[in-house]
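No hydrogens, no waters, no symmetry mates; every other heavy atom, side chains included, goes into these values.
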Amino acid sequence: MKSPPMRRHRPQRRRQRGMALITSILLLVVLTILALSMMRSYGIEERIAGNTRDKQRALNAAISAQQYAENWLVSGVNTASANCTGVVPSTTGQVCTNGLTPITLLQLPWAAGITYSQFTSNQGNNVVNTVNATNPTAGTYSQAPVYYITDLGQPAGGAGELYQIDAVGYGGSSSTVSIVESTYIVSSNIPQDPTQP
């Protein structure tokens, strides 16, 4: 009996070539997805950094207005209290008897207070921080900061006068806002003579 002739098995080249094509396409798709996700995360991080910078600018504007109000109180200018309505320029200064409620603090823009216009002038280094509500850019603020001084009367110790200062600052857009508040005591540094009534 004769055994059947042995057949040589040849590799099937067509299947191998097809697998290489499919593998390379899958690899290309995976690399494309990775590249797109990296670009997207970079864009998100860039927006987060921009929002953080704008929020910091709004906070700095509010703190500047607050410190200006504190300085104005200490300067000894006429600080007679009045019922405040409307927003007035900072050159006049104003102490209010009607305090801001938490609800009115959150309603923007504020209906009463003093505009801190010095914040928008040349600070001596030829850098001008302007307020431009119609076309804000990186070097501008959407609105000028506003501060509000409330006379709270005499403190518990009875020496001096107690004031509450609220200030609002804006960043490059009107949706970026910071509000700060401080309580400030203004008193005389001259010691009183105990023998005097």
Side-chain angles (χ1 to χ4, degrees), residues 51 54-124 127-134 136 139-197:
N51 290 342
D54 207 30
K55 181 66 177 175
Q56 190 63 41
R57 291 178 71 222
L59 181 62
N60 288 342
I63 290 173
S64 295
Q66 175 191 23
Q67 289 175 346
Y68 177 80
E70 292 171 354
N71 199 12
W72 180 80
L73 281 172
V74 178
S75 69
V77 182
N78 181 13
T79 56
S81 300
N83 192 3
C84 300
T85 57
V87 177
V88 297
S90 64
T91 54
T92 59
Q94 191 173 18
V95 177
C96 305
T97 53
N98 53 329
L100 290 173
T101 63
I103 281 294
T104 56
L105 282 172
L106 298 176
Q107 294 172 345
L108 300 170
W110 286 358
I114 297 98
T115 303
Y116 180 46
S117 59
Q118 284 85 347
F119 195 77
T120 62
S121 64
N122 190 326
Q123 302 299 316
V127 175
V128 180
N129 296 319
T130 58
V131 174
N132 187 348
T134 56
T140 63
Y141 296 87
S142 62
Q143 295 181 40
V146 174
Y147 63 89
Y148 191 91
I149 304 171
T150 307
D151 188 353
L152 299 176
Q154 287 191 333
E161 194 73 16
L162 186 63
Y163 298 96
Q164 177 178 311
I165 302 167
D166 298 288
V168 61
Y170 299 88
S173 70
S174 59
S175 62
T176 308
V177 181
S178 284
I179 298 173
V180 294
E181 180 180 270
S182 68
T183 306
Y184 203 74
I185 297 177
V186 178
S187 61
S188 173
N189 288 338
I190 302 171
Q192 294 185 352
D193 186 1
T195 59
Q196 296 292 327

Which heavy-atom pair separates A58 from G171 by the least distance, and what is that distance? CB-N, 3.5 Å
Can you tell me how far CG of L73 sits from CD1 of I185, rounded to the nearest 0.5 angstrom? 12.0 Å
List the atom of Y116, the atom of A65, and the distance in Å for their closest heavy-atom pair. CD2-CA, 3.6 Å
Is D54 reaching over with its side chain to a backbone N or O of G172, donor-acceptor style, under 3.5 angstrom? yes
Working to the nearest 0.5 angstrom, can you tell me the gap between C96 SG and I114 CD1? 5.5 Å
Spacing of Y170 atom OH and S178 atom OG [to the nearest 0.5 Å]: 10.5 Å
On a heavy-atom basis, the closest approach of Q143 and S174 is NE2-CB, 4.2 Å
Quick one: CD1 on I149 to CD1 on I165, what's the gap to the nearest 0.5 Å? 5.5 Å
If I compare all heavy atoms of Q66 with all of V180, which pair ends up nearest, and what's the gap? OE1-CG2, 3.5 Å
Hey, what's the ring geometry for Y148 with W110, parallel, tilted or perpendicular (30° and 60° as the breaks)? perpendicular
Distance col, row S75:OG vs E70:CD, nearest 0.5 angstrom, shows 12.5 Å
Mind listing the closest non-hydrogen atom pair of A112 and V146 along with its distance? O-CG1, 4.2 Å
So, taking the atom named CG in D151 and the one named CD in Q94, what distance separates them when rounded to the nearest 0.5 Å? 12.5 Å
Can you name the nearest heavy-atom pair linking A62 to V168, along with the distance? CB-C, 4.0 Å
